[in-house]
Amino acid sequence: MQSTERRRYRIKRRIIRRVICRLAVYITMVIILTAAWKVVSVTVRQMTRESRQGQETLQDQTEKFTSEDKSGLAKVSAGVKDILLVNKEHPLEDSYKPRLQKIKEYGVNVDSSIYEALIHMLHAGEQEGLSFWVASGYRSMERQRELLDEDIEELVQRGYSVSEAYEEVIKETMPVGCSEHATGLAVDIVAKDYQILDEKQGRTEEIKWLQENCSQYGFILRYPKGKEEITKVSYESWHFRYVGVDAAKEIMSQGITLEEYLQFQAD
């Protein structure tokens with residue numbers, strides 16, 4: 001009889017221990033999940049706050065732009081003679097220094113004269129449900145030299161001679177002093193969800209919209225398809241250059257290059 005009672009006592013103790021262990025596990029899980037939820041909640045609130053601040057900043061910049069006289073868009077090109085032509089035949093002078101202003105949203109610099117027009121254009125596209133990324137803005141001559149050397153070195157390692165590599169590279173990478181990026185007046189804009197600079201970029205909705213609407217904000221597609229003999233640069237669907245609203249509308253509506261536009265104006 002006593003033996004039976006002891007067995008029952010031991011069974012009860014085992015059951016109680018199991019219940020206590022399970023409760024401990026459940027309590028621990030609740031504590032962990034509660035802590036994790038608090039971390040996620042704080043993170044989401046912080047991200048939401050930063051997103052709202054970014055949107056408010058962009059909205060403030062846009063409102064400031066739209067409240068001003070839009071003739072201000074033509075500051076860079078008040079006249080044809082004021083439009084800066086930069087290509088392989090017309091390099092920049094070593095003394096050229098743009099007035100740089102940083103676009104914090106993208107971490108790039110541009111000439112201050114195009115800042116508001118660029119912000120306004122990007123915001124207008126975003127209102128259409130598009131999402132852009134400014135992949136490149138101002139680029140110093142020193143940085144251009146580094147990119148050129150890197151591309152040449154890559155081809156040399158693949159068996160090209162230095163001269164062959166140079167000729168091949170400058171079809172897409174401009175020689176030092178010949179890049180529009182050094183002016184601060186040109187930007188490479190891509191779709192945020194596809195940031196590769198290749199032929200597919202031109203098929204994104206973002207690039208299609210930019211090519212159709214950029215002239216309204218003073219920008220042109222600088223290196224259009226089929227104009228390689230004139231620009232000496234391969235088609236770049238993502239490269240946009242500011243020239244002022246009047247010149248941009250004329251260039252884009254006629255499907256010509258900046259070189260052709262300036263030549264026509266000179267004749």
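What you are looking at is a predicted structure, and each value in this text was computed from that prediction instead of being measured.
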- Message: Please tell me whether Leu100 and Leu84 are part of a single hydrophobic cluster in this structure, the criterion being side-chain heavy atoms less than 4.5 Å apart.
- Response: no
- Item | Nearest heavy-atom neighbours spanning Val190 and Ala135 | CG2-CB, 4.3 Å
- Over all atoms of both residues, closest heavy-atom pair of Ser234 and Glu172: OG-CG, 3.9 Å
- Message: Taking the side chain as everything from C-beta on, heavy atoms only, tell me whether Tyr166 gets closer than 4.5 Å to Leu148.
- Response: yes
- Task: Check whether more than 12 heavy atoms from other residues, nucleotides or ligands sit under 6.0 Å from atom NZ of Lys102, and answer yes or no.
- Result: no
- Check Cys214 against Met252 and note the closest heavy-atom contact, atom names and distance. SG-CE, 4.0 Å
- Rounded to the nearest 0.5 angstrom, the CG-CZ distance for Leu118 and Phe240 is 11.0 Å
- Going by atom types only, do Glu153 and Gln157 share a side-chain donor-acceptor pair under 3.5 Å? yes
- Query: Any side-chain heavy atom of Ser215 sitting closer than 4.5 Å to one from Ile251?
  - Reply: no
- Query: Do Gln144 and Thr173 have side chains that get closer than 4.5 Å, going by heavy atoms?
  - Reply: yes
- Item | Hydrophobic cluster membership, Tyr115 vs Leu185, 4.5 Å side-chain cutoff | yes
- Task: Kindly compute the distance separating CD (Glu146) from CD (Glu150), expressed to the nearest 0.5 Å.
- Result: 6.5 Å
- Query: So do the side chains of Ile119 and Tyr217 get within less than 4.5 Å of each other, counting heavy atoms only?
  - Reply: no
- Other residues, nucleotides, ligands: >12 heavy atoms within 6.0 Å of Glu228 CD: yes
- Item | Under 3.5 Å donor-acceptor, Gln101 side chain and Val110 backbone | no
- Indicate yes or no: at least one non-hydrogen side-chain atom of Glu128 is less than 4.5 angstrom from one of Asn213. no
- Message: Quick one: does any side-chain atom of His181 pair with a main-chain N or O of Tyr138 as donor and acceptor, under 3.5 Å?
- Response: no
- Message: Run Lys249 and Val245 through side-chain contact (heavy atoms from CB on, under 4.5 Å) and show every step you take.
- Response: CA-CA 6 Å; Lys249 287 184 175 180; Val245 174; 3.6 Å; yes
- Message: Rounded at 0.5 Å granularity, tell me how far CD in Glu105 sits from CH2 in Trp133.
- Response: 9.0 Å
- Message: Is the ring pair Tyr223/His239 parallel, tilted or perpendicular, if the boundaries are 30 and 60 degrees?
- Response: tilted
- I would like to know whether Ile256 and Phe264 meet side-chain contact (heavy atoms from CB on, under 4.5 Å); could you show each step before the answer? CA-CA 10 Å; Ile256 59 177; Phe264 293 158; 4.1 Å; yes
- List the atom of Glu180, the atom of Arg241, and the distance in Å for their closest heavy-atom pair. OE2-NH1, 2.8 Å
- Query: Same hydrophobic cluster for Met174 and Ile189, using side-chain heavy-atom links shorter than 4.5 Å among ILVMFWY?
  - Reply: no
- Note on the structure: For Glu167 and Ile170 the tightest heavy-atom approach is O-CG1, 3.4 Å
- Message: Which Ile, Leu, Val, Met, Phe, Trp or Tyr residues join Ile196 in one cluster when any pair of side-chain heavy atoms under 4.5 Å counts as a link?
- Response: Tyr194
- With sequence neighbours excluded, what pairs up with Glu205 under the side chain to side chain contact (heavy atoms under 4.5 Å, CB included) test? Leu130, Lys208
- Task: Report whether Val86 and Leu221 are members of the same hydrophobic cluster (ILVMFWY, side-chain heavy atoms less than 4.5 Å apart, transitive linking).
- Result: yes
- Quick one: does Gln195's side chain have a donor or acceptor within less than 3.5 Å of a partner on Lys192's backbone? yes
- In sequence, state the C-alpha distance, the side-chain angles, and the governing distance for Ile152 and Tyr160, and then conclude on side-chain contact (heavy atoms from CB on, under 4.5 Å). CA-CA 9 Å; Ile152 290 173; Tyr160 286 71; over 6 Å; no
- Report yes if the side chains of Leu258 and Ile83 come closer than 4.5 Å at any heavy-atom pair, otherwise no. yes
- Item | Derivation of the salt bridge (Lys or Arg N to Asp or Glu O under 4.0 Å) call for Arg222 and Glu259 | CA-CA 10 Å; Arg222 183 63 179 90; Glu259 284 85 357; 2.7 Å; yes
- Within a strict 4.5 Å, meaning less than it, do heavy atoms of the Tyr235 and Lys227 side chains meet? no
- Output yes when a side-chain donor or acceptor of Lys88 lies under 3.5 Å from a complementary backbone atom of Lys232, and no otherwise. yes
- Query: Could you state the interatomic distance from CD (Gln201) to OG (Ser237), rounded to the nearest 0.5 Å?
  - Reply: 5.5 Å
- Do Trp238 and Leu210 touch side chain to side chain, with heavy atoms closer than 4.5 Å? no
Residues 89-97 side chain polar contacts: donor-acceptor under 3.5 Å, at least two apart:
residue, atom, partner, partner atom, Å
His90, ND1, Asn87, OD1, 3.0
Tyr96, OH, Thr183, O, 3.4

- Relative to each other, are the rings of Phe132 and Trp209 parallel, tilted or perpendicular (30° and 60° limits)? tilted
- Message: Tell me whether Glu142 is salt-bridged to Arg145, with the criterion being a basic N under 4.0 Å from an acidic carboxylate O.
- Response: no
- Would you give the length of the straight line joining atom CZ of Arg158 to atom CD of Glu164, rounded to the nearest 0.5 angstrom? 12.5 Å
- Task: Check whether Leu85 and Met141 end up in the same hydrophobic cluster, where Ile, Leu, Val, Met, Phe, Trp and Tyr are linked by side-chain heavy atoms less than 4.5 Å apart.
- Result: yes
